[in-house]
Amino acid sequence: MSKRIKIAELLQSSKTGTTVNVKGWIRTFRNNQFIALNDGSTNTNIQVVVDFENTDPAELKRYTTGAAIGVEGELVSSQGKGQTVEIIARRIEVYGDCDAEVYPLQPKKHSLEFLREIAHLRFRTNTFAAVFRVRHALAFAIHKFFNDKGFVYIHTPIITASDAEGAGEMFRVTTLDAVKPPMNEAGEVDFSKDFFGRAANLTVSGQLEAELGALALSEVYTFGPTFRAENSNTTRHLAEFWMIEPEVAFADLQDNMDLAEDMLKYVIRYAMDNCREDLEFLSNRQAEEEKSMPQNERSEMSLTQKLEFCLANDFERITYTEAIDILRNSNPNKRKQFKYLIDGWGADLQSEHERFLVEKHFKKPVILTNYPAEIKAFYMRQDDPKEGVPGPTVAAMDILFPGIGEIVGGSQREERLDRLTAKMREMHIPEEEMYWYLDTRRFGTCPHAGYGLGFERLVLFVTGMTNIRDVIAFPRTPGNAEF
RNA sequence: GCAUCUUUAGCUCAGUCGGUUAGAGCGGCGGACUGUUAAUCCGUAGGUCCUAGGUUCAAGUCCUAGAAGAUGCGCCA
């Protein structure tokens, strides 16, 4: 028996006239004669031609949608249209039968909602196979990008006893009895009896630990799971998601923006170069999906055009203060079409405002910088006062993408100890618990900057999917942790 | 958490003004055909109309509550 060859490789390199061995899952069995076989290496099926006249009818009955088989036969040029080569089967072995009466996947279009309910089987569809191959390529490209630049990949802790990260509600990690936990004299749960001797949670960010690494290794990044116990019900939030957090010493806000823009363009380019077939499939899928939508809601560009456009143009970089000016003078604001009208400097931007800037005004990715200090985190570097800017700002930057909103959030960090501790006191962040973070400012502090990239949001953008639950294998959202 | 919408066969959906036995396509099953492309053609089975109440001579259809899902907003990546 010859060695198994993956279908993607076979379609690229194999010569007709040779004996080949493929293994995979049946997509359809047509005309009692033609098996469309898929092994996940590509969305293109290989056609297997069955000599039905010389095959036991009981065996033919086993060639159903979803069945796992191995095929040995000769690769020949196809007589039919629709494929250039096919395999004339000499031997077919059924590894796993698939009862067509109860198997949920049919050779037809299924809704994404239905497939989400059978997430354990949806890998077997063209759409999800393409999404997960692209997801893999993007993950690999991120490691390659940072590796090639000399960054050190840091594994920051998943479990943390720090609750000062301030990035959101946390999931508690405990081995205490949930029904009768030990209590202290004050009548509170006694976490000193817990596994870690103190209250512990799942991480909401690896940034603070990444900073510790950056102030010795110069350039580090994290890429790991992140947990937020927010009751968020949207197409772009997950309770468990993957985040990339680079942190760079001797870097300012400009360097930070340059790095983020370079990284995004690099990984999108990588996906375009390495997942051409899948992206074209997803591009067609999106176009097909939008046919049932009214004209004004359809994308102006196809998915692949959108990605090319994103690579060809610089991201628009403007300050918060400039953005407020644009929004204040915008038509929707003058005509009172915004739900929240812009009347002054200092308010946080609503998603309708971000969408206006990205999708209507600039029509490309936008980097917003120098937000009011009041609406941003304690660790962001305080800007010097500037002519024409009404209040104190920080060296923050958010990258906004069309259809996604905020994909990157970052800043230059406050490296000056006195400024940092003053801010922490102001925001009631306990200094004693953060001694290890403050030590970096006590001992050899330096300017540094970093950002967080939501990996699933990146995958959403590149695949053209619209719900974040469809770009992670087994989504965790409020009320749902199935599989 | 808030708002809006949806829930009818395994899947995708139709179901008029509240009125007889709730329909179609795909899928399944049986058969025909045998170079098909989500094959095609013929036949056939398949229903807790999301759940619980209510209005009515009569409810898939109207009302109330609940559940699940979708979308938008808030929180953010």
Side-chain angles (χ1 to χ4, degrees), chain A residues 27-36 44-53 57 60-61 64-66 76 78-83 86 88 98-118 125-126 165-169 204-207 224-245 260 292-293 297 338-340 348-355 375-377 398-401 404-410 451-461 466-470 472 477-480 482:
Chain A
R27 284 291 173 80
T28 62
F29 183 34
R30 286 185 294 266
N31 215 4
N32 217 23
Q33 191 175 182
F34 303 104
I35 294 172
T44 309
N45 301 323
I46 185 78
Q47 174 153 287
V48 175
V49 183
V50 180
D51 182 5
F52 67 97
E53 280 163 326
L60 287 173
K61 290 245 177 232
T64 59
T65 298
V76 299
S78 179
Q79 295 173 34
K81 289 168 186 167
Q83 59 280 315
E86 62 192 13
I88 304 296
C98 188
D99 184 348
E101 200 164 356
V102 289
Y103 186 56
L105 291 173
Q106 305 164 14
K108 62 167 277 189
K109 189 179 180 323
H110 290 288
S111 68
L112 294 174
E113 289 83 5
F114 172 66
L115 293 171
R116 212 171 288 150
E117 288 169 20
I118 51 165
T125 64
N126 284 333
E165 286 161 355
E169 291 296 312
V204 293
S205 165
Q207 179 202 315
T226 309
F227 308 88
R228 305 251 170 111
E230 304 283 354
N231 191 9
S232 297
N233 295 292
T234 78
T235 52
R236 53 191 192 283
H237 287 86
L238 290 164
E240 175 184 285
F241 64 99
W242 289 67
M243 188 154 65
I244 294 102
E245 295 177 288
S292 61
M293 291 162 58
E297 286 176 33
F338 284 139
K339 198 174 162 201
Y340 299 90
D348 211 348
L349 299 181
Q350 308 290 321
S351 54
E352 61 178 344
H353 306 135
E354 296 181 348
R355 275 213 315 278
I375 58 173
K376 287 290 180 184
D398 284 359
I399 303 185
L400 310 176
F401 264 31
I404 314 286
E406 186 178 346
I407 195 166
V408 163
Y451 60 84
L453 165 75
F455 184 57
E456 281 77 13
R457 289 186 179 177
L458 173 67
V459 183
L460 264 187
F461 181 75
T466 50
N467 191 318
I468 203 164
R469 297 170 191 124
D470 296 329
I472 188 167
T477 52
N480 196 343
E482 190 68 35

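Within every chain, numbering begins at 1; the chains are lettered A, B, ... in the order of the sequence lines, protein sequences first and strands thereafter.
- A gap of 37 Å separates the P atoms of B/rU6 and B/rG43, to the nearest Å.
- Under the stacking definition used here (centres under 5.5 Å, planes under 30°), the residue A/F241 qualifies as stacked on the base of B/rA77.
- Note on A/S232: a base of the nucleic acid sits closer than 4.0 angstrom, heavy atoms only.
- Nucleotides B/rU61 and B/rU7 place their P atoms 11 Å apart, quoted to the nearest Å.
- Heavy atoms of A/Q207 sit nowhere under 4.0 angstrom from any nucleic acid atom.
- Residue side chain A/R27 does not reach the base of B/rA38 through any donor-acceptor N/O pair under 3.5 Å, judged by distance alone.
- Comparing B/rG28, B/rA77, B/rC73 against the side chain of A/R236 picks out B/rC73 as the nearest.
- Distances were taken from every side-chain heavy atom of A/R355 (C-beta onward) to each of B/rC75, B/rG30, B/rG72; the shortest belongs to B/rG72.
- Side-chain N/O atoms of A/R116 include one lying less than 4.0 angstrom from OP1 or OP2 on B/rA70.
- Going from the C1' atom of B/rG15 to that of B/rG25 covers 15 Å, rounded to whole Å.
- Residue contacts shown for A/Q350 are limited to sugar-phosphate atoms, with no base heavy atom under 4.0 Å away.
- Of the candidate nucleotides B/rU12, B/rC73, B/rU36, B/rC73 has the atom nearest to the side chain of A/S351.
- Note on A/H110: only backbone sugar-phosphate atoms sit closer than 4.0 angstrom, heavy atoms only; bases stay farther off.
- Comparing B/rU71, B/rU37, B/rA38 by their closest approach to the side chain of A/K81 singles out B/rU37.
- Contact annotation for A/G80: base contact, defined as any heavy-atom pair under 4.0 Å involving a base atom.
- If you check B/rC73, B/rU12, B/rU34 against the side chain of A/F52, the one that comes closest is B/rU34.
- Closest contact between the side chain of A/N31 and the listed nucleotides B/rA39, B/rC26, B/rU37 involves B/rA39.
- Side-chain atoms of A/S78 come within donor-acceptor range of the base of B/rG35, with a qualifying N/O pair under 3.5 Å.
- Side-chain atoms of A/M243 lie closest to B/rA77 of the nucleotides B/rC76, B/rA77, B/rU37.
- Using a 4.0 Å heavy-atom distance criterion, A/Q47 is classed as a base contact.
- Contacts of A/N467 with the nucleic acid, taken as non-hydrogen atoms under 4.0 Å apart, involve only primed sugar atoms and P, OP1 or OP2.
- Residue side chain A/E86 reaches the base of B/rG35 through a donor-acceptor N/O pair under 3.5 Å, judged by distance alone.
- Note on A/L238: a base of the nucleic acid sits closer than 4.0 angstrom, heavy atoms only.
- Here the side chain of A/T235 is nearest to one of B/rG31, B/rG72, B/rC76, namely B/rG72.
- Contacts of A/E113 with the nucleic acid, taken as non-hydrogen atoms under 4.0 Å apart, involve only primed sugar atoms and P, OP1 or OP2.
- Going from the C1' atom of B/rU56 to that of B/rG18 covers 9 Å, rounded to whole Å.
- Contact between the side-chain N/O atoms of A/T28 and the OP1/OP2 oxygens of B/rA38 is not found at any separation under 4.0 Å.
- Using a 4.0 Å heavy-atom cutoff across all strands shown, A/V102 reaches no nucleic acid atom at all.
- The side chain of A/R469 has B/rA70 as its nearest neighbour among B/rC73, B/rA70, B/rG28.
- Of the side-chain N and O atoms in A/R30, none sit less than 4.0 angstrom from OP1 or OP2 of B/rU36.
- One donor-acceptor pair, N or O on each side, does fall under 3.5 Å between the base of B/rG10 and the side chain of A/Q106.
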